[in-house]
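In what follows, chains carry the letters A, B, and so on, assigned in the order in which the sequence lines appear, proteins first and then strands, with residues in each chain numbered from 1.
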Amino acid sequence: MAAVRRTGRSVVVPAGVDAVWRALTDPRWLERWLAGAADLEARAGASGTLRDVDGSDREVEVLAAEPGRRLLFAWWPRRHGGRDLDAGSMVEITLGAEARGTRVAVTETALADQPPEPGGRALAGAPGAGAGS
Amino acid sequence: MTSRQDAVFAALADPTRRAVVRLLADRPATPTELASALPVSRQAVAKHLAVLRAAGLVEHAREGRRVRYRFQPAPLSEVLRWMAGTAAAWDARLERLRGLFEPAAD
């Protein structure tokens, strides 16, 4: 498909890349900006849950975690005890050192619009997805 | 809902279909009228209209022997809602993240 639902946002955080990476991957830090509650290990193949600040739950699968550089995960709202597959999306967060700190760039793409590609294919709840690297 | 959104994006990915939508957004038109305003045949216009109908972006009404199409913007606002919603959510999250590293203002 030639067009997808995709949102891109970025911000410069006044801190070094390592400190920002910790805020992206340590659940106690995640709970201070990404979610109200986080049970998530930032390791490729890990799955966990996030409770959004509005109280809704999301299931998360980490697809790639390159320390200090890139975090890639997919998430789905939880509905009726399972994943709302239609509403899932892929989130990529990249870090880049800048003079004033670290640029944090986020891209969120609706999974339904995602072109099939390695790493994106086994997503929709396949139990073997943990074997990713 | 999501497959409908996919259909909306696929429909609007084509420049001729975008031109059709622009014309119909101005005023309802028949396929013949659309073809005379565009550098494509009436048959091609009919195919594009079928794709736009499947996406819910146009609706048609029969007037005697003619069929007049009109633009239907509702599916588009659904897609825009997704984009606006995710953008606003990330703006808020990134602002909280940045705030964690701001020098304490106490």
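A single hydrophobic cluster is not seen to contain both B:V51 and B:L34; linkage of ILVMFWY side chains at heavy-atom distances under 4.5 Å, directly or through other members, places them apart. Clustering ILVMFWY residues whenever any of their side-chain heavy atoms sit less than 4.5 angstrom apart, transitively, puts B:L80 in a cluster other than the one holding B:F71. A continuous path of hydrophobic side-chain contacts links A:V11 to A:L71 [ILVMFWY only; heavy atoms under 4.5 Å].
For the residue pair A:R6 / A:T109, a side-chain donor-acceptor distance below 3.5 Å is found, with atom types taken as modelled.
Partners of B:Q43 under the side-chain contact (heavy atoms from CB on, under 4.5 Å) rule, at least two apart in sequence or in another chain, are B:S41.
Salt-bridge formation is not detected for the pair A:E59/A:R79: no Lys NZ or Arg NE/NH1/NH2 atom is positioned less than 4.0 Å from an Asp or Glu carboxylate oxygen.
Of the atoms belonging to A:V12, it is backbone heavy atoms, and not side-chain ones, that fall under 4.5 Å from chain B. Using a 4.5 Å cut-off between heavy atoms, A:T102 does not touch chain B at all.
Taking the six-membered ring for Trp and thresholds of 30 and 60 degrees, A:W75 and B:W90 have nearly parallel ring planes, at less than 30 degrees apart.
Within residues 18-30 of chain A, the residues that have a heavy atom under 4.5 Å from a heavy atom of chain B are A:A19, A:V20, A:A23, A:L24, A:W29, listed by number.
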